[in-house]
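No hydrogens, no waters, no symmetry mates; every other heavy atom, side chains included, goes into these values. Throughout, numbering of the chain's residues begins at 1 and tracks the sequence.
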Amino acid sequence: DSQGRSRQMFILKPDQGTQGRGIFLTRNLDDRIMGMEGSAVAQKYLKNPMLIEGKKFDIRLYVLITSCRPLRVYLYKDGLVR
């Protein structure tokens, strides 16, 4: 909307392995990110996540973007599934 809010909800986490501390939900990323110290990770919040045998899972792929024009992306061979 005109206030910078989205209908989409986001989870915002400090990028320092804080074990759950400092994690919150927001619709306005600009205000929240500016108030954080250091870097952060923003993810879309999913109301109904996909489950495997009734449990949530996490798949992480690590990429490096070295150029946007032309797009050049490197995918690290080892990811993480838990």
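- Under the side-chain hydrogen bond (donor to acceptor under 3.5 Å, both in side chains) criterion, the residue pairs touching residues 49-69 are Asp58-Arg60, Asp58-Arg82, with sequence neighbours excluded.
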Test log, rule side chain to side chain contact (heavy atoms under 4.5 Å, CB included), inputs Phe10 and Gln43: CA-CA 6 Å; Phe10 296 93; Gln43 300 171 314; over 6 Å; no
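- Counting side-chain heavy-atom gaps under 4.5 Å among Ile, Leu, Val, Met, Phe, Trp and Tyr, the cluster of Ile65 also holds Leu61, Val63, Leu71, Val73, Leu75.
- Checked against side-chain contact (heavy atoms from CB on, under 4.5 Å), Lys47 has the following partners two or more places apart in sequence or in another chain: Tyr45.
- By the criterion of side-chain heavy atoms lying less than 4.5 angstrom apart, applied directly or through intervening Ile, Leu, Val, Met, Phe, Trp or Tyr residues, Met9 is not grouped with Leu46; the two fall into different hydrophobic clusters.
- The hydrophobic cluster around Ile52 extends to Met50, Phe57, Ile59, Val81, counting ILVMFWY residues whose side-chain heavy atoms fall within less than 4.5 Å of a member.
- Closest of all the heavy-atom pairs between Gln8 and Arg27 is O-CG, 3.7 Å.
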